[in-house]
Each structure stands twice: as C-alpha cells, then as structure tokens.
Amino acid sequence: AGSGANHLKKPYAVSVGTDGAIYISDTMNTRVIKCTGRDSSTCSVDATFTNFYPNFMLLDPSAPGSFYVSGTSSVQKCPGGGGACADFAGGGDESNMMAGARGLAF
C-alpha cells in the first residue's frame with residue numbers, strides 16, 4: 001500500500017497492451033498505473049480520477065495506449081499518457097457507491 005507509482009492499494013484488474021505494457025487499475029488510489037518493463041521501477045501513473053474508483057479495464061485495440069475503465073456508476077474512456085478521461089457511459093459522482101458497471105468486453 002502507498003501512493004508511489006509502484007505502490008498499490010487494492011489493485012483490481014490487470015491488462016497487457018499490444019506493446020507489452022502492463023496496465024493496473026489501482027482502485028483505492030483512484031488511478032491507473034502503466035508499467036513498461038519487467039519491474040516496478042518502470043511504472044508510472046497513466047490516469048487519475050476524482051470520486052471514481054477504477055475496477056475492470058479494457059484496452060482499446062483501435063487506439064494503442066487508450067483504455068476504458070469501469071467504476072461503480074460509470075465507464076470512463078481514457079486516452080492514456082496522462083490525458084484527461086471522460087464519461088463514456090453512465091456518469092455522476094461515485095461517492096454514493098451505487099452498483100454499476102462490473103465488466104467490459106469488445
């Protein structure tokens with residue numbers, strides 16, 4: 001546990017990109033981590049959220065580096081590389097922790 005890029009707090013899902021990068025939804029730190037190598041020294045924060053707790057994640061095969069991530073009341077589309085994520089489906093403040101999207105598939 002912790003807040004450094006190589007410290008996770010309740011990691012929920014892991015996806016591997018076509019380039020071999022590893023993406024981790026770090027739920028309780030409200031972010032997605034991207035690791036480009038085989039050890040934690042290559043990890044960096046790829047997306048951060050406010051009142052959104054990322055769970056399932058799906059990489060977008062048509063846009064390398066971008067991904068969709070579901071939380072408790074919405075799905076966010078993220079361009080990756082630290083760009084701003086936006087509501088894709090659902091929406092609203094997740095502080096009420098309502099049941100919502102629990103899986104993603106193409």
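- Rounded to the nearest 0.5 angstrom, L59 CG and D19 CG are separated by 9.0 Å.
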Mind running side chain to side chain contact (heavy atoms under 4.5 Å, CB included) on V75 and V69 for me, showing each step along the way?
CA-CA 6 Å; V75 174; V69 62; over 6 Å; no
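- Listed for the S25 side chain is no donor-acceptor partner under 3.5 Å among the backbone atoms of V32.
- Note: M28 CE to Y53 OH = 6.0 Å, rounded to the nearest 0.5 Å.
- When each of F52, F67, Y68 is checked for a ring pair (Phe, Tyr, Trp, His ring centres under 6.0 Å) with F88, only Y68 meets the rule.
- Within the 4.5 Å cutoff, the side chain of D87 has heavy atoms near those of the Q76 side chain.
- Atoms OG and CE, from S70 and M57 in turn, are 9.5 Å apart once rounded to the nearest 0.5 Å.
- Among all heavy-atom pairs drawn from N29 and L8, the shortest one is ND2-C, 4.0 Å.
- Between the T27 side chain and the P11 main chain, no donor and acceptor come within less than 3.5 Å of each other.
- Shown here for S74 and G90, the closest heavy-atom pair between the two residues is CB-C, 3.9 Å.
- Two residues are said to be in side-chain contact when any heavy atoms from C-beta on lie closer than 4.5 Å; I33 and D46 fail this criterion.
- Separation of atoms CG (N55) and OH (Y12) is listed at 5.0 Å; rounding is to 0.5 Å.
- Scanning all heavy atoms of the two residues, the minimum distance from I24 to C35 falls at CD1-SG, 4.3 Å.
- Looking at K34 and T42, their side chains never come closer than 4.5 Å, going by heavy atoms from C-beta outward.
- Taking CG of N6 as the reference point, atom SG of C43 lies at 6.5 Å (rounded to 0.5 Å).
- Residue T30 holds its OG1 atom at 10.0 Å from NZ of K9, rounded to the nearest 0.5 Å.
- Residues G65 and Y23 approach most closely at CA-OH, 3.5 Å, considering heavy atoms.
- Across P61 and P64, no two heavy atoms sit closer than the pair O-CD, 4.4 Å.
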